Amino acid sequence: MKFFIDTANLKDIREAQDLGILDGVTTNPSLMAKQKISGKDRVMQHYKAICDSVDGDVSAEVIATTFHEIIAEGEELAEIDDKIVVKVPMIKDGIKAINYFSEKGIKTNCTLIFSAGQALLAAKAGATYVSPFIGRLDDISVDGIALIEQIALIYRNYSYSTQILAASIRHPMHIIQCAEVGADVMTGPLSVINALFSHPLTDLGLAKFLADHKEAAVK
Ligand code: G3P
């Protein structure tokens, strides 16, 4: 399973990249706003800086919501760098735009996916990635992981090449469960990726190994 980091924070992206386990970055307008990135030039420069910081795909979301505007904005974003994946919302004009981008060879990520039917439409349009938001489903007492499993079954049945990018990851068990049910990619914040490292027995075991080594050296 590929690991993407879900942030527009360059420090976090570089820290995850340095770990050697990062495969890409996802952003959205809320994450860009959190970094106080606004205005077209600054937004474009920031995407370029993200692309320069990671070996892998970088999802950049359009703000436009009508077909022609999505096309114009997406084409501009795609020109920033080969790593850019144009992130498009799951609306009718978005699906039409994904179909257009797919024919042009521009990578896409269909976002705000909350049902298997939406994921099926995105695959039919030729999306490179589809982003089901599992945490936001869990928030309203709907099983987000079950949706990933359902989409994986449907894509397998028809050999769709669209990759399932599990988004809105809230805790390390989400990552494990995504891997169990066959998500192609998970995207989460650095804190959740870092949480995978932790186990008290690892800490205790390492402390004991180092103490025994020190004691043997003294004897
Ligand atoms: O990138 C979209 C998604 O990961 C959002 O996550 O935590 O705002 O639901 P969250």
Side-chain angles (χ1 to χ4, degrees), residues 1-13 15-17 21-38 43 46-47 49-51 53-54 56-65 70 73-74 77 80 83-91 94-95 97-98 107-116 118-119 122 127-148 151-152 162-179 181 183-196:
M1 185 170 70
K2 290 183 206 165
F3 272 36
F4 286 6
I5 188 168
D6 196 29
T7 185
N9 181 297
L10 288 172
K11 190 172 158 287
D12 284 2
I13 292 168
E15 187 178 328
Q17 175 66 30
I21 47 88
L22 193 66
D23 302 296
V25 176
T26 51
T27 64
N28 62 39
S30 305
L31 293 171
M32 293 292 275
K34 205 170 162 186
Q35 300 306 314
K36 312 227 179 310
I37 308 294
S38 64
V43 166
H46 197 73
Y47 283 136
I50 293 175
C51 290
S53 305
V54 66
D57 283 349
V58 174
S59 284
E61 188 160 341
V62 297
I63 305 299
T65 54
I70 294 173
E73 194 181 344
L77 288 169
I80 297 173
K83 294 173 186 168
I84 290 286
V85 175
V86 180
K87 201 171 180 187
V88 179
M90 164 36 78
I91 52 176
I95 287 296
I98 287 170
K107 293 175 282 186
T108 53
N109 176 354
C110 188
T111 189
L112 291 167
I113 295 286
F114 293 95
S115 76
Q118 292 176 327
T128 314
Y129 298 101
V130 69
S131 288
F133 280 28
I134 63 175
R136 291 192 195 182
L137 281 171
D138 287 357
D139 288 344
I140 57 159
S141 307
V142 176
D143 187 347
I145 293 294
L147 176 61
I148 302 290
I151 297 170
T162 300
Q163 296 178 56
I164 304 170
L165 194 170
S168 189
I169 295 270
R170 299 282 168 75
H171 49 73
M173 276 314 291
H174 267 158
I175 300 180
I176 305 302
Q177 290 165 332
C178 280
V181 301
D184 299 288
V185 190
M186 81 79 205
T187 190
L190 183 62
S191 57
V192 179
I193 295 172
N194 276 335
L196 288 179

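Indexing begins at 1, ligand by ligand and atom by atom, following the structure's order. Just so we're clear, the structure is a prediction, and the values are computed from it rather than from any experiment.
Smallest separation of non-hydrogen atoms from Ala16 and Ile5: CB-CD1, 3.9 Å. In plain terms, the two heavy atoms of Leu77 and Val62 that are nearest each other are CD1-CG1, 3.9 Å. Of all non-hydrogen atoms in Ile98 and Cys110, the two that sit nearest each other are CD1-CB, 3.5 Å.
Under the 4.0 angstrom criterion for non-hydrogen atoms, Met186 is not in contact with ligand 1.
Here's the thing with Thr26: none of its N/O atoms is less than 3.5 angstrom from an N/O atom of ligand 1. Residue-to-ligand polar distances keep Thr187 apart from ligand 1: every N/O pair is separated by 3.5 Å or more.
The closest protein non-hydrogen atom to atom 6 (O) of ligand 1 is Ser168 CA, 3.4 Å. The closest protein non-hydrogen atom to atom 4 (O) of ligand 1 is Asp6 OD2, 2.5 Å. Looking only at protein heavy atoms, the nearest one to atom 8 (O) of ligand 1 is Arg136 NH2, 2.8 Å.
No salt bridge links Lys2 with Asp57; every basic N to acidic carboxylate O contact stays at or beyond 4.0 Å.
The side-chain hydrogen bond (donor to acceptor under 3.5 Å, both in side chains) test with Ser59 singles out one residue from Thr111, Asp6, Asn109, and that residue is Asn109.
Counting the atoms of ligand 1 from 1 in the order shown, those under 4.0 Å from a heavy atom of Arg170 are 7 (O), 9 (O), 10 (P). Against a heavy-atom cut-off of under 4.0 Å, Phe133 is close to the following atoms of ligand 1: 2 (C), 3 (C), 5 (C).
Contact annotation for Lys87 and ligand 1: only side-chain heavy atoms (C-beta onward) come within less than 4.0 Å of the ligand.
Judged by distance alone, with hydrogens and angles left aside, the side-chain atoms of Asp23 form no donor-acceptor pair with the main-chain N or O of Phe4 at under 3.5 Å. Listed for the Glu73 side chain is a donor-acceptor partner under 3.5 Å among the backbone atoms of Ala64.
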